[in-house]
Amino acid sequence: MSGPYVIRGSVSLPEAELMWRFSRSSGPGGQHVNTSDSRVELRFDLARTDSLPQVWKDRALERLAGRLTDGVVSVRAAEHRSQWRNRETAAVRLAALLAEATAPPPRPRRKTRVPRGINERRLREKKQRGDTKRGRSGRDW
């Protein structure tokens, strides 16, 4: 592996808590796929991990509730011929998923008023447009 996969800041995925499973892939590779286990399934027990701060863990459990199976999040990769590249892809994908799930919620939007000048200009332009259209009618003849 190419080192620790950083989620955000100094928090990274602990290698000891990652569970790998390999199987035959149906992707590219010709007859090679019939003989090698290149598909990768990476599982991470989000409910029982101690490597994430509790606030992040709660946030991730709430946001990923639809993807979890008994508190375990799972990611699959089978794009590449080699198991090694699929392992890299799965680990990066899991780190990105956890980074997105643990991100703080966006700040609430501050309500703002429409400036009076913009409203006045819009009404003035509407009036002008109406006058232009009224001037096109032939009622004054």
Heavy-atom closest contact (A90 atom, V40 atom, distance): CB-CG1, 4.1 Å
Approximate separation, where rounding is to 0.5 Å, of H80 NE2 and T89 OG1: 3.5 Å
Are F22 and V92 grouped together when hydrophobic residues (ILVMFWY) are joined by side-chain heavy atoms under 4.5 angstrom apart? yes
Is there any salt bridge (charged side-chain N to carboxylate O under 4.0 Å, His left out) pair reaching into residues 46-64, and which pairs are they, with sequence neighbours excluded? D45-R48
Closest heavy-atom contact between P53 and V11? CD-CG2, 4.2 Å
For residues T102 and R8, report the shortest heavy-atom separation together with the two atoms involved. O-NH2, 2.9 Å
N/O donor-acceptor pair under 3.5 Å between R67 side chain and V73 backbone: no
Ignoring hydrogens, what is the shortest heavy-atom contact between T49 and L46? Give both atom names and the distance. CG2-O, 3.3 Å
Could you check whether atom CG of D70 has more than 12 heavy atoms from other residues, nucleotides or ligands sitting under 6.0 Å from it? no
Rounded to the nearest 0.5 Å, how far does CD of Q128 lie from CZ of R124? 8.0 Å
Does R87 reach the main-chain N or O of W20 with its side chain, forming a donor-acceptor pair under 3.5 Å? no
Under a 3.5 Å cutoff, is there a donor and acceptor pairing between the side chains of S74 and E41? yes
When the side chains of residues 105-121 are checked against the rest of the protein, which donor-acceptor pairs come out under 3.5 Å, sequence neighbours left out?
unit_1, atom_1, unit_2, atom_2, d
N119, OD1, R122, NE, 3.4
N119, OD1, R122, NH2, 3.1

Say whether, by atom type as modelled, one donor and one acceptor occur between the side chain of N86 and the main chain of S38 under 3.5 angstrom. yes
Looking only at heavy atoms, the pair that brings I7 and A99 closest together is O-CB, 3.4 Å
Hey, what do you get for OG1 (T132) to CD (E125), rounding to the nearest 0.5 Å? 11.5 Å
Can you find a pair of side-chain heavy atoms, one from P14 and one from F44, that are under 4.5 Å apart? yes
Rounded to the nearest 0.5 Å, the CG atom of L97 sits from the CG atom of L64 at a distance of 5.0 Å
Donor-acceptor check, side chain of R39 to backbone of R76, threshold 3.5 angstrom: yes or no? no
Under 3.5 Å, side chain of S137 to main-chain N/O of R134, donor-acceptor pair present? yes
